[in-house]
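Letters A, B, ... are given to chains in the order of the sequence lines, protein chains preceding strands, and every chain is numbered from 1.
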2 protein chains.
Amino acid sequence: VTRTGRELRLVRRPQGRLDADCFELAETTVPDPADGEVLVRNLWLSVDAAVRIRLTESTPEGYLPPIGLHQPLAGLAVGEVIASRATGFVPGDVVTHALGYRDFALVRAGDAALAGAGGLSVVDTAAAPPEAYLGILGHIGLTAYAGLLHVAGLRERDVVWVSAAAGAVGSVAAQLAKCWGHTVVGSAGSPQKVRYLLEDLGLDAAFDHRDGHLPDLLRAAAPSGIDVYFDNVGGAHLEAALTALRDGGRVALCGAVSEYEGGPSHGPGNMFQIVAKSLQLRGFRAGTFTDRTAEMRSVVGALLADGRIALREHVVDGLERAPEALVTLLSGGNTGKVLVRLSAEA
Amino acid sequence: VTRTGRELRLVRRPQGRLDADCFELAETTVPDPADGEVLVRNLWLSVDAAVRIRLTESTPEGYLPPIGLHQPLAGLAVGEVIASRATGFVPGDVVTHALGYRDFALVRAGDAALAGAGGLSVVDTAAAPPEAYLGILGHIGLTAYAGLLHVAGLRERDVVWVSAAAGAVGSVAAQLAKCWGHTVVGSAGSPQKVRYLLEDLGLDAAFDHRDGHLPDLLRAAAPSGIDVYFDNVGGAHLEAALTALRDGGRVALCGAVSEYEGGPSHGPGNMFQIVAKSLQLRGFRAGTFTDRTAEMRSVVGALLADGRIALREHVVDGLERAPEALVTLLSGGNTGKVLVRLSAEA
């Protein structure tokens, strides 16, 4: 059987701000799986800011390579196995993998290193709906969980600042830190999001980073400083954090969305603060912590089941609207995890 | 008895490059020690770049306060107790403390927090000459030792880059890393220093950072990248390190001499490398590791006694030449530890 399906291709590299014209939807034929492969019908796609890094001609050293022109985008997805020639996978299994942005994906089993936590693996849909594995029980939850516990090394009663706290990772990190008894300050880019942080998530303080001078806003929200900064933004946010951090403070750097759309990247002008206050900065990717996935699902799953963590999703319907979803995400138009639903059945 | 002695005072705050006119030698009377104090006749003064930070009107948050105008400079010193009203100290003891830049110092016992490792303490002059406790067996040795072992967390066969490697801390760090079996690259600011690094210290590679584009020089010296960067310089050096570091690389930040003399401090433009390669940056001060002093003296003392580490000092005679010594240090005119000898007897 030869199937046809759509895939979203990169046809023009963005200069500065991304727009939807960079992409094109194309029909493609999908062969049967070869030995060691499974054929997956995708149900949900994860839209992540980090894919923006791979749309440029070259990526930072150490990072995944650029996506080729006229090649399909890649990203995490969850779908149903419809044919399998790989041990351990049978039709009907719901699996996560790293070949999103297309209707059908031909995935090689055992490619665990494809994209961080993106190896092919079966998920338990009795425990949570499929799309949860693209979010709070997937790489998003793992990033928040491992970033706080294993990178920032939370200690009792830390004051924690989470930037982009209304976003996918930020909203989980902020809620987890709150559940664990810390004082949590969140920042975001609109009054609506600040209301969400205060009213829905119950953070101790929150501010809109466009409301004034960032260091002043942070000082007002955390007058005696912070112990931990969970960085999703980079740039001026990181600079403000270095000033606000107390002696022995720690930064978990998991993204720098402020830098993804290009422009001159200028580092913090106050790097000496790192020496003066014995600060620690650690970059990380969820992929490093895949061996913590079961631990994370147990901890976060229990909080979710108890209603102590709220799930927020920004759902867009149809692969043809994935470019719009990505543009929305990069311009901060979403609250919570951005997902593309591929079929009404999902 | 009322003694008179000289002290070096700050009379003008430097704008940009330090010059000797900022200081004035003044006669002052030195009272007898009060209860809990000892009177010390200083023998040697340690000249450290970090004092430059305290000559400006305000210091970075978390750092020691500025030195007041018309107040004496402060810095580590070693001297002989000539009168004591503090338990545990008797005349004839040789002690280190933090009230340098003066002939006589009235020091309160137990002020362990005065300036990092600068609390009053007796040293063993049978094991090493007094001035060694201002260098390789003092805060300098502790900075190099703890920075490598307890901050950068050296692992087997790391490739280590030490900047300002002909300086006091750098030359000890580079030699220690070499003794422990690592591949060591050193950089410095003159051909003479580069020769010293290669011929006297036996480093694996060395370069003059003024010889070209820093990232290129570093790549030529360490073609397959580095695992650890011991940062004494900050600024463009740190930026080059972020590019050269391999996955999981670590940076120990102990100073930023490139930033001490003012000018616009711009941070690394490639901070995203920290995320992309899961890097770790940790700032530290020797003062945090004073509980490792005995451990360090045992390890470093043995290497010194075996001739596996060479001691290099840049000695200037007389308190009146301390300003010149400081200017020399900040402009990189020294090789090894800069000391001021206060009397011919020392």
Count the heavy-atom pairs under 4.5 Å between each of N270(A), I274(A), V275(A) and chain B, then report the option with the highest count.
V275(A)
So I226(A) and D158(A), do their side chains get closer than 4.5 Å, heavy atoms only?
no
Can the ring centres of Y63(B) and F272(A) be said to be less than 6.0 Å apart?
yes
Does any backbone or side-chain atom of I53(B) lie under 4.5 Å from a heavy atom of chain A? Answer side chain, backbone, both or neither.
side chain
If I measure from the heavy atoms of chain A, does L279(B) come under 4.5 Å with its side chain, its backbone, both, or neither?
backbone
Against chain A, label T59(B) side chain, backbone, both or neither, depending on which of its atoms sit under 4.5 Å from a heavy atom there.
neither
Which pair of heavy atoms, one from L253(A) and one from L281(A), lies closest together, and at what distance?
CD1-CB, 3.8 Å
Would you call D247(A) and K277(A) a salt bridge, taking side-chain N to carboxylate O under 4.0 Å as the test?
no
